[in-house]
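Take a look at the structure set out below.
Letters A, B, ... are given to chains in the order of the sequence lines, protein chains preceding strands, and every chain is numbered from 1. Everything numeric in this text was worked out from a predicted model, so none of it was measured.
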Amino acid sequence: MRLSELPKGAPAVVDRVHDAHAADPIAQRLRDLGFVDGEPVRVVAIGPMGGDPVLIQIGYTRFALRRAEAARVSVRSEVAA
Amino acid sequence: MSASTLRIALVGNPNCGKTALFNLLTGGRQKVANYAGVTVERKEGRFTAPSGRVLQILDLPGTYSFEANSPDEQITRDVCAGNYPGEAAPDLIICVADATNLRLHLRFVLEVKRLGRPVVLALNMMDTARQRGIVIDVAELQRRLGLPVVETIAVRRGGAKALIERVDGEVPTAAPAQPDDAASRAGLHAQVREILTATVTMPRATAALDDALDRWALHPVFGLLILAVVMFLVFQAVYAAGKPMSDLIGGGFGWLGEHVAALMPAGPLQSLVTNGLFGGIGTVLGFLPVILVLFLFILTLEESGYLPRAAFLLDRLMLSVGLTGRSFIPLLSSFACAIPGIMGTRSIQDPRDRLATILIAPLMTCSARLPVYALLIGAFIPIRYVFGVFNLQGIVLFSLYLVGILGAMAVGWVMKRIRRDKSEHALLMELPSYRMPKLRDVAIGLYERGAIFLKRLTGVILGLTVLMWFISTFPSPPAGATGPAINYSFAGYIGRGLQYIFAPIGFNWQISLALIPAFAARETAVAALATVYLVGGEASGGLGHALAGQISLASALSLLVWFAYAPQCMSTLAVIRRETNSWRNVAISFGYMFGMAYAASFIVYQIARMLT
């Protein structure tokens, strides 16, 4: 499942970040920010217009990601981890 | 060693409290400039350590990673690595990390360490960390990182004492430099996790206060409502405090000019002093209160952590016209005045988004357009009630605001289509913890904005004002001339020349002429029209009456639309030049606004002429 499809409040862990194209700087930045295998994530809020952007809790930090950015991150549910 | 200067670079993630620490270390003794060729601010300060050694501190732009995504991050990377031309490599790097956010910040600390330079880690916001029950084993952290670690509280007096002592002592030995390759980068997160498990106890991942506030601030309904209230208050403050002060300053300089003029013999010199110099200085200083009031709010909102929340709420809306959530506040400020709005785009990190915001900011209906709108609406639009409640004059004024916003949206949309760089630019925005804004940091920020405006723009605006005065005054009218003096000046000739260009949009030569001094500041169009139509005094009632007799309704509507879009403000163009460091952007702004104003006025004039 992609992070952009994760329902609000559902706990999950990051699987990996996918490059949308070769040398994708956004994907690289997501990895630098801590979106790496095994890291717990949660959607804490969604934007008022079209549910975009989404607010992601990762580690001790909250990041606002547009849906296209969140779609680069694949996640799995916590139970499976 | 004691007399030598130590060059220190201050680095850290965004929101680590780095700038507050810089302010605490250097006080107000800062030098703000730009890095050559880019619009990234270079902030440097110095202070003398107890040992007598001078410490020269460079506050580098905040960055998440040396894998740079933007010009400011590239500068941080290159300066730290000693690769930035014209900037000596730092003797010591102070890496600042937020003690409440180590999961994110420690990774960058490890990146900095790999450069192989002497590094000290400042563990900042230790007060907040203690309040939240976060326990950090500093000795163990120091051992595992292999770096000296010092606790700091940037928002407290004396909160950097331990840091100063550490920096003033022996420069720590550098860890050996390590190659920067993808494989070793990928290992950094694992290292961070390991260090955190061994040294940090977090009772909960986020502050309880943040969770509680965000439940309201980011709520789809209440969040937008809160945003609307905040914006309403900001605007009230601008009009209640900033605008009257601006008017007072403008009026004060006018009065001063007249009194100085009374001491001088009549003639061109007297006119230069009254209308050129005092008028010009009044214009420049008149902007200052609005700028300061707006920035007081912008800085407070930014320091408190609310600004990114507002950006979160509005990002989708702004994205649809090719902007970003962060464009919202600068654009909203532009309703008061485009100058602080354009200066406020510094909070937009992405250069493309920033430029797009700067280009459309002047289309927002600023307060200087109001006197022109009020005059023309009062003269041409009858007071009639539509559906019994809506005043027709009010509807026209509202429509003009709407015309500005719709025009800006259209321009944003077109720019999104025609720009060469169509790549996806990320939002990827951290929502930091809420914080009480500190008076010192807001005051230093305000001082910087005010100083930049006065230092860099006074010369340009004053010069242009004097130039406008010159072409409106010379040559003097011939003996026995009956018309107003301006008719015989260069501006008069230019105005008469311009009427051929402006005839298709319904402007006669008097209007064309009035547009020339109005280029200095829109509101002077009213006075200029009064002059050319030989109306004594500035009573707009009399002028409105005179206008209604001489200009057709179609021309008046066309003029209203003209003022909504036209680049009638040279101060704005000067700020665009200053903020983008490019004449090309000034030319683009002027060109597209002129074209857009001309086209819109043409359509309005031709349609109105057919109907009336």
Using non-hydrogen atoms only, which part of B:T100 is less than 4.5 Å away from chain A: side chain, backbone, both, or neither?
-> backbone

So do A:R29 and B:Y64 actually touch side chain to side chain, heavy atoms under 4.5 Å?
-> yes

Any idea which of B:N13, B:T206, B:N69, B:V192 has the most non-hydrogen atom pairs under 4.5 angstrom with chain A?
-> B:N69

Sole candidate of A:V44, A:T61, A:I56, A:L55 that passes side-chain contact (heavy atoms from CB on, under 4.5 Å) when paired with B:L431 = A:L55

Quick one: CZ on B:F312 to CG on A:L65, what's the gap to the nearest 0.5 Å?
-> 9.5 Å

Would one find more than 12 heavy atoms of other residues, nucleotides or ligands at under 6.0 Å from atom CE of B:M409?
-> no

Within a strict 4.5 Å, meaning less than it, do heavy atoms of the A:Y60 and B:I134 side chains meet?
-> no

Which answer fits B:D98, side chain, backbone, both or neither, if we ask what part of it has an atom under 4.5 Å from a heavy atom of chain A?
-> neither

Rounded to the nearest 0.5 Å, how far apart are CD1 of A:I58 and CZ of B:R103?
-> 7.0 Å

Over all heavy atoms of both residues, which pair between A:E69 and B:L427 is shortest? Give the atoms and the distance, please.
-> OE2-N, 2.6 Å

Pair A:E39 + B:R193, salt bridge at N-O below 4.0 Å = yes

Would you check if A:H21 and B:E424 make a side-chain contact, meaning some heavy-atom pair closer than 4.5 Å?
-> no

Given B:L104, B:L188, B:L196, B:L218, the one with more heavy-atom pairs under 4.5 angstrom with chain A than any other is B:L104

Donor-acceptor contacts, no H, no angles, side chain residues 219-232 of chain B, under 3.5 Å, sequence neighbours left out:
unit_1, atom_1, unit_2, atom_2, d
B:H219, ND1, B:V221, N, 3.0
B:H219, ND1, B:F222, N, 3.1

CA sep, side-chain torsions, deciding dist, call: A:R31, B:H189, side chain to side chain contact (heavy atoms under 4.5 Å, CB included) | CA-CA 9 Å; A:R31 286 183 208 112; B:H189 281 296; 5.5 Å; no

Output for pair (B:S320 OG, A:M49 CE), nearest 0.5 Å, gives 9.0 Å

Which atoms of A:R72 approach chain B - backbone, side chain, both or neither, heavy atom under 4.5 Å = side chain

For A:D37, is it the side chain, the backbone, both, or neither that has a heavy atom closer than 4.5 Å to a heavy atom of chain B?
-> backbone

Engaged part of B:E111 at the chain A interface, taking heavy atoms whose separation is under 4.5 Å = neither

With a 4.5 Å limit on heavy-atom distance, are the side chains of A:I26 and B:H425 in contact?
-> no

For chain B, the option from A:P53, A:P25, A:G59, A:A45 that forms the most heavy-atom pairs under 4.5 Å = A:P53

Check whether A:A20 gets within reach of chain B through its side chain, its backbone, both or neither, counting any heavy atom under 4.5 Å.
-> neither

Give, for atom CG of A:D32 and atom CZ of B:F66, the distance between the pair rounded to the nearest 0.5 Å.
-> 11.5 Å

Do NZ/NE/NH1/NH2 and the carboxylate oxygens of A:R62 and B:D210 come within less than 4.0 Å?
-> no

Determine, step by step, whether A:R66 and B:L428 satisfy the side chain to side chain contact (heavy atoms under 4.5 Å, CB included) criterion, reporting the C-alpha distance in whole Å, the side-chain angles of both residues, the deciding distance to 0.1 Å, and the verdict.
-> CA-CA 7 Å; A:R66 290 192 184 131; B:L428 265 180; over 6 Å; no

